[in-house]
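Here the structure is laid out as structure tokens; the discussion comes afterwards.
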Amino acid sequence: MRTIVLAIGLITCLLSPAAAFVVEEETLFPATGVETQILSVLSTTDTAILRPVILGFQARNSSVSVRYTVASSQEVYAAIHDEGIGYDLVISSAMDLQMKLANDGFAARYRSALTDSIPNWAHWQDRLFAFAQENVVLIVSRAGLNGLPVPQTRRDLIEMLRGHPEVFRGRIGTYDPKASGAGYLFATQDARQSESFWRLAEVMGGLSPRLYTSSNDMISDLKQGRLVLAYNVLGSYAGPRLADDPDAKVVELEDYTLTLLRTGLVPVNAAAPNLGGAFLDFMIGTQGRRLLRDDAGLPPTDEMALASGPYLRPMRLDPGLLVFLDRIKRKAFLDEWSSAFSQN
Amino acid sequence: MSQAPLSLRLRLVLQLLGIAAVLAILLYFTVRTIAEQAAEATHDGVLGAATLAIAERLQGGDSGVGIDLPYEAFSILGSISADRVFYRIEAAGKTLTGYADLPLPPRTGASVAPVFYTAPYRDTQVRIAAVKRTVLVARVAVPVLVVVAQTQLGQDAIAQRVARRAALVGLGSFILAAVLSLLTTGSVLRPINRLAEAVGRRGPQDLRAVDHPTPAELRPLVSALNGFIARLRGALSRTETFIAEAAHHIRTPLATVRARAEIALRQAGSEDSRETLRAVIRAVEESSRSAGQLLDHATVVYRSDRLADEHVDLSALIARLVMAIEPIAELRDLTIMVAGVENKIVVRGDPPLIESAVRNLLDNAIKYSAQETQIDIGVEKKGKTARIELCDRGRGLAGQRQSRLTGRFQRGENSGDVVGSGLGLTIVEEVAAAHAGRFELTEREGGGTCARLFLPLV
């Protein structure tokens with residue numbers, strides 16, 4: 001084994017006494033040559049997904065060891081914002097939290113020929129860079145639907161849920177926005193996009209939905225038949241895992257489908273900011289994009305792909321993302337969500 | 001030594017360029033200032049709108065101030081530039097939400113309309129808009145302050161772009177002004193150059209008043225010039241009169257002395273006294289000739305600036321002079337052969353001067369010729385000039401250069417016992433020059449000298 005799994009599962013990171021954030025997994029990828037530098041990456045993306053990219057990076061930079069730490073998006077945010085731990089690169093799918101980090105001055109400026117070449121919508125200043133775009137999808141089990149048509153819009157979905165409560169009761173999954181950063185982001189963006197979200201929340205709330213904190217759990221439960229459908233699942237996880245499952249269907253709803261940008265930033269207190277930047281460059285560059293698409297299953301940022309899906313609504317990297325992080329706004333939103341979701 | 005003053009052109013160009021540079025710099029700063037103000041106004045407008053949008057969503061109630069941050073307000077701030085955004089909502093002196101350390105407006109007089117100010121925040125400068133609203137909480141009026149701040153990266157980027165363009169505009173206008181100032185300088189100085197040309201083009205004898213059309217600014221110069229010309233004309237004419245009078249006053253008594261001496265010679269008894277009287281006569285003759293030559297020389301010098309411009313028939317002139325001088329030649333048994341006087345050969349010039357030149361040549365030939373020799377004088381047309389050639393069998397030039405012999409009061413080294421003033425050849429040369437002609441002296445084959453005077457034909 002070229003990689004040594006240092007810790008699997010929920011452990012408390014003991015890097016420093018102040019580091020009280022919760023780490024899910026920490027993996028060291030030793031340098032292929034003589035180690036002279038260590039790149040510390042803090043990420044919300046599972047090690048298994050990004051491993052090919054890390055190995056590709058190390059193939060080019062044989063003297064770099066990579067310490068890859070996985071945590072939830074809230075913990076990633078806390079590690080940088082509250083605890084100021086000096087990671088060299090922070091990767092997260094929680095665009096709002098990444099934006100908050102950059103806006104509040106925790107992201108260093110980084111510029112290279114590659115970062116200059118990425119389109120405007122895929123970066124914010126020279127501090128926050130998107131490298132993957134992932135659609136937020138609905139997944140359904142054909143068997144579970146029991147002959148009902150696969151919904152193509154939220155209106156279809158609402159009508160189907162209303163019309164056949166017996167099919168769906170207790171068998172609907174979605175994110176818990178109170179517990180999951182990604183879930184909160186998807187829900188708030190949904191609420192922005194359309195009023196139909198609240199109707200959907202009400203309908204789903206009436207069907208004893210199961211709440212999750214990760215897309216993978218929803219996918220697993222769907223595969224095992226515990227769920228008929230799961231709403232707001234990361235397509236980049238669902239696609240590869242359900243590709244060879246004839247029963248499961250990944251649906252990009254046609255009224256609109258949110259597109260999430262997975263972003264990276266180099267913290268201002270990074271020990272080796274150039275290494276962090278180099279890894280960013282690698283992911284944005286040709287080889288990194290190929291590895292992301294083919295081996296990691298993460299669609300790299302691609303303007304053409306966005307243009308070809310007229311129903312795709314990429315979330316914008318702008319200060320609007322800060323709004324729902326506001327204490328009062330968050331409380332108001334979650335209160336409203338709770339009242340809509342648990343009306344009965 | 002004082003330095004030569006700057007030329008008018010250089011002075012004008014430098015001053016115009018200086019003005020252009022000052023204007024270009026002013027233009028640069030004006031464009032920059034206006035553009036920066038415009039950029040700031042634009043950013044302020046958006047920032048103020050975002051702040052108002054938040055303020056308008058404030059709600060009263062029984063439990064507290066209701067706040068609903070509008071997503072678009074922040075999103076729009078992000079659309080105008082990728083700037084960091086901070087906000088703070090404060091009610092009754094307590095921060096309800098946002099960044100609690102964001103600076104408040106300097107005066108608490110924030111009003112319904114946004115108040116803008118710039119303040120340092122965290123690691124940068126931010127532009128801040130503040131709006132005040134009053135909200136009823138449990139029927140009590142609570143003042144709420146909404147403060148929204150934005151970093152100025154976008155504005156600075158605009159400022160930089162504008163500064164670059166303003167610099168280009170300034171540079172462009174400077175170059176344009178430089179070209180125009182060169183053209184202007186040329187056109188302003190043209191009348192001066194024209195006047196200078198008109199005065200310079202005048203012939204040497206042209207002492208008329210300058211009557212060139214000139215701009216008003218040059219009229220004092222022209223009238224001063226005309227006054228000077230008038231004074232010069234007066235001085236010349238006085239000099240001429242003086243010379244004529246002087247010559248007359250010298251010659252007349254000399255003629256009287258000579259007449260008396262000749263009478264005395266005829267009545268003299270002893271050979272001794274006759275010899276003395278002859279010497280007196282010779283000396284008087286020589287003095288008279290010298291006086292004549294001085295007069296001629298002075299005439300050439302003073303009058304060559306304003307020569308008479310008449311037709312002179314060289315053939316007639318030579319014939320007349322030869323006839324007048326023949327008696328003297330005969331005294332020394334010299335024969336004068338004249339050639340080429342059958343036809344008129346007419347040149348343009350001042351008759352007394354040309355006559356003086358030819359007479360001096362003849363005098364010289366007679367003075368320096370050996371006894372019983374021949375003097376050849378002839379005139380002929382040579383292209384566009386008339387050539388008077390006079391050859392003798394005298395002492396020749398003895399290898400001396402013509403320029404030495406024609407110098408004023410210079411006499412040849414081999415002139416020996418012959419009496420002379422040293423002015424004869426000077427006069428010839430000056431007359432030739434004054435008439436745009438030429439004078440040359442050469443050694444004659446077989447001994448003697450040839451003198452040639454070329455004068456342009458009519």
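Proteins come first, then strands; the chains are lettered A, B, ... in the order of their sequence lines, and each starts at number 1.
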Can you classify the ring geometry of A:Tyr87 versus A:Phe21 as parallel (below 30°), tilted (30 to 60°) or perpendicular (above 60°)? perpendicular
A:Arg330 and A:Asp96: CA distance, side-chain angles, deciding distance, salt bridge (Lys or Arg N to Asp or Glu O under 4.0 Å) verdict: CA-CA 12 Å; A:Arg330 178 179 165 90; A:Asp96 47 354; over 6 Å; no
Verify whether one side chain among B:Ser75 and A:Asp318 offers a donor that lies under 3.5 Å from an acceptor in the other. yes
Side chain, backbone, both or neither: which part of A:Phe333 has a non-hydrogen atom closer than 4.5 Å to chain B? neither
Is A:Asp104 in contact with chain B via its backbone, its side chain, both, or neither, using a 4.5 Å heavy-atom distance? both
Of the backbone (N, CA, C, O) and the side chain (C-beta and beyond), which part of A:Leu325 lies under 4.5 Å from a heavy atom of chain B, both, or neither? neither
Please classify the contact of A:Lys331 with chain B as side chain, backbone, both or neither, using a heavy-atom distance under 4.5 Å. neither
Using non-hydrogen atoms and a 4.5 Å limit, figure out which bit of B:Asp68 sits close to chain A: side chain, backbone, both or neither. both
Scanning both residues in full, the closest heavy-atom pair of B:Phe174 with B:Ala24 reads CB-CB, 3.9 Å
With a cut-off of 6.0 Å (strictly less than), are more than 12 heavy atoms of other residues, nucleotides or ligands near CZ of B:Phe29? no
Looking at A:Arg154 and A:Asp190, is any side-chain nitrogen of the basic one under 4.0 Å from a carboxylate oxygen of the acidic one? yes
Contact part of B:Leu153 toward chain A, heavy-atom cut-off under 4.5 Å: side chain, backbone, both or neither? side chain
So which of B:Phe86, B:Phe74, B:Tyr71 has the largest heavy-atom pair count under 4.5 angstrom toward chain A? B:Tyr71
Need one label for A:Arg192: side chain, backbone, both or neither, based on atoms under 4.5 Å from any heavy atom in chain B. side chain
Name the option with the most non-hydrogen atom pairs under 4.5 Å to chain A; the candidates are B:Ile67, B:Thr151, B:Ile76, B:Leu96. B:Leu96
Counting only heavy atoms not in A:Arg155, do more than 12 sit closer than 6.0 Å to its CZ atom? no
CG of B:Asp62: more than 12 outside heavy atoms within 6.0 angstrom? no
Tell me, side chain or backbone of B:Gln150 under 4.5 Å from chain A's heavy atoms, or both, or neither? neither
Where on B:Thr124 is there a heavy atom nearer than 4.5 Å to chain A: the side chain, the backbone, both, or neither? neither
